[in-house]
Amino acid sequence: MNKGLSKKAEKNMSDDAMIEITDMHKWYGDFHVLQGINLKVQKKERIVICGPSGSGKSTLIRCINRLEEHQKGHIIVDGIELTNNIKDIEKIRAEVGMVFQHFNLFPHLTIIDNLTLGPIWVRKLPKSEAEEIAMFNLEKVHIAEQAKKYPGQLSGGQQQRVAIARSLCMNPKIMLFDEPTSALDPEMIKEVLDAMIELAREGMTMIVVSHEMGFAKSVAHKVLFMDFGQIVEENTPEEFFEHPQHDRTKLFLSQILH
Amino acid sequence: MRHMEEAIKMTETEELKPPVTSVGVIGWVKSNLFSNVFNSILTVVTLYLLWKIVPPLFQWAFIDSVWHTSAKACRGIDGACWSIIYNNFRFIIFGFFPYEQQWRPLVAMFILFGLFFYSRERKHWKKPLGYAWIVGLFTMGVLMKGGLFGLASVESTQWGGLPLTLLLSVFGLTAAYPLGVILALGRQSKMPGVKWLCVLYIELIRGVPLISLLFMSSIIFPLFLPEGITINKILRAQVAIILFTAAYIAEVVRGGLQGMSRGQYEAADSIGLNYYLTMRLIILPQALKIVIPPTVSILISAFKDTSLVVIIALWDLMKTTQSVLSNPEWMGFSREAYIFIAILYFLGCFSMSNYSRKLEKELSAGEQQ
């Protein structure tokens, strides 16, 4: 049941918790894809979630901005509980930015138009102000010179950086990254990770689903390992990589750190 | 390192010209017309057919033809009797519109062509153009109907010929397109009521020929109206054409929508766009662009289908032409008459398809090479 917990949850929640997930379950038909997820993310905290494919990690973060619906448990984002209430969903989506594995830029619009879309139509800003914000964020990811081009004319790494800038234009409090570098050629991964590190340095709350363990080690506050829909292990990067506690974690690490 | 540099350094070669039989005119002829045995045979057969058809056709149409004579003089000749067009031109083009007032539909058509020509450039699609269209449509309405500004009133029953064909097509296609898009979106709706209503509409309309819809609108529908209330026949035909075309456009647009990747919807959702904005700004611009070719096919068909109003005695271009041919004086020159209106229909259809190519090219500006 998703109703009625909001006020109680607000009182119990510490003031700094950006995201609070309590006993969350999700099924795809009969398949129990997320089993009893409990997660708290503080403001300015950076979390990396890793795990084998099919473990539910992407599904988990997609539940946070309601791209997927959970059937049981509670998800509270910045004090607002995620239910079927459309107004709440829209409020949450305006505060949560998402970067996708396959960029999902709008191919029929120029880069700058991709970025100004949200500010103009959702935040209702005038075009000139939206463009200022857009250029500011394009410069942040070092891609301002491509503003007038179309996504199809850019490389994967450039497109992903544009995608990051696009999310930033909505001034989100939380950024979700769904395997942001998995679809990139190796030489482009660094430029995207650098952009993400820059974001981290500025204090953004981030949840990143990724296999980039170097990034996790240098930037994450916590690393989560998921398998078969459950959070198997949760620890600081140092502890996680030096002293993994569960066998499944050890197996996974041995497979990816070759 | 030294070896690599030397190997990479390209040696200068003499510039050779490509062989004569592979470039230029001869090269083109060889590769396109005679590249293999089958193509060569095809080329020879085609050339033979052209030789058999074109000179006699040219002879008939231009050399032996007469252009300005009376019907009697046409009877004995071998060539085309273009006089049938010359003598009946005003009736074919304007139908029963009063003879002295025929400058009015003429001006109306010129306004229409002018507006179309100016609307070709997407750069011009700004507010002034919108106002121009509103003023233009109003002016055309006044010119056709009359009754204002000192113009004699002309009932719509007297409208005919090319203006009527254009009227039915332009309003028909312009209204059918958005209706088709709405139906396509409705068919995708998660609300069962909306979805099934749209499915019912589309399947019913697609299941009957346009002729039967025109019949229904013209003959059956008035039976249901209360005593004394009549709806303009042109309006009824117009509605039938709109409803018919919209059903086909709906299916084509649905195909385009199905081709959209989920990622586009998700990106729009994650930015916070609602359904209406997502469709208007992200999904429809892409989906509609992909289906420009089949959409234009439907619109071209609809333009030609307006000729079916012959069946409900509306005097469009086809019917005026037919009635000239049923005049005993001009009977028998159907070839010339139909060639003439075929050229008119061709001009209409060709400009539509030409424009659609231009539109596609413009909209592909940012595509990956």
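Values below: every heavy atom of this structure, side chains too, minus hydrogens, waters and symmetry copies. Letters A, B, ... mirror the listed sequences (proteins, then strands); counts begin at 1.
In B:F171, the CZ atom is not crowded: 12 or fewer heavy atoms of neighbouring residues, nucleotides or ligands sit closer than 6.0 Å. Atom OH of B:Y118 sits in a sparse spot, with 12 or fewer heavy atoms from other residues, nucleotides or ligands closer than 6.0 Å. Heavy-atom contacts from other residues, nucleotides or ligands closer than 6.0 Å to NZ of A:K140 number more than 12. For B:K358, the NZ atom counts as densely surrounded, since its 6.0 Å shell holds more than 12 non-hydrogen atoms of other residues, nucleotides or ligands. Heavy-atom contacts from other residues, nucleotides or ligands closer than 6.0 Å to OH of B:Y355 number more than 12. At most 12 heavy atoms of other shown residues, nucleotides or ligands fall within 6.0 angstrom of atom CH2 in B:W196.
When atom types are taken as modelled, the side chain of B:Q264 and the backbone of A:P107 share no donor-acceptor pair closer than 3.5 angstrom.
Contacts with chain B (heavy atom to heavy atom, under 4.5 Å) involve these residues of residues 163-171 of chain A, listed by number: A:R166, A:M170. The stretch residues 86-95 of chain A places A:E90, A:R93 near chain B, each with some heavy atom under 4.5 Å from a heavy atom of that chain. For a heavy-atom cut-off of 4.5 Å, chain B lies close to A:L117, A:G118, A:W121, A:V122 in residues 115-136 of chain A.
Listed by chain and number, the residues in a side chain to side chain donor-acceptor pair (under 3.5 Å) with A:K149 are A:Q146 (sequence neighbours excluded).
Across all non-hydrogen atoms, the minimal contact from A:N65 to B:S270 is ND2-CB, 3.9 Å.
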task: Please test A:M98 against B:E266 for side-chain contact (heavy atoms from CB on, under 4.5 Å), starting from the C-alpha separation and ending with a verdict.
output: CA-CA 9 Å; A:M98 185 150 188; B:E266 292 182 350; over 6 Å; no
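Taking CG of B:D269 as the reference point, atom CZ of A:R66 lies at 12.0 Å (rounded to 0.5 Å).
For A:F106, the parts lying under 4.5 angstrom from a heavy atom of chain B are both the backbone and the side chain. When heavy atoms are compared at a cutoff of 4.5 Å, B:L281 approaches chain A by way of both its backbone and its side chain.
Options A:L109, A:N104, A:L105 differ in how many heavy-atom pairs under 4.5 Å they form with chain B, and the most are formed by A:N104.
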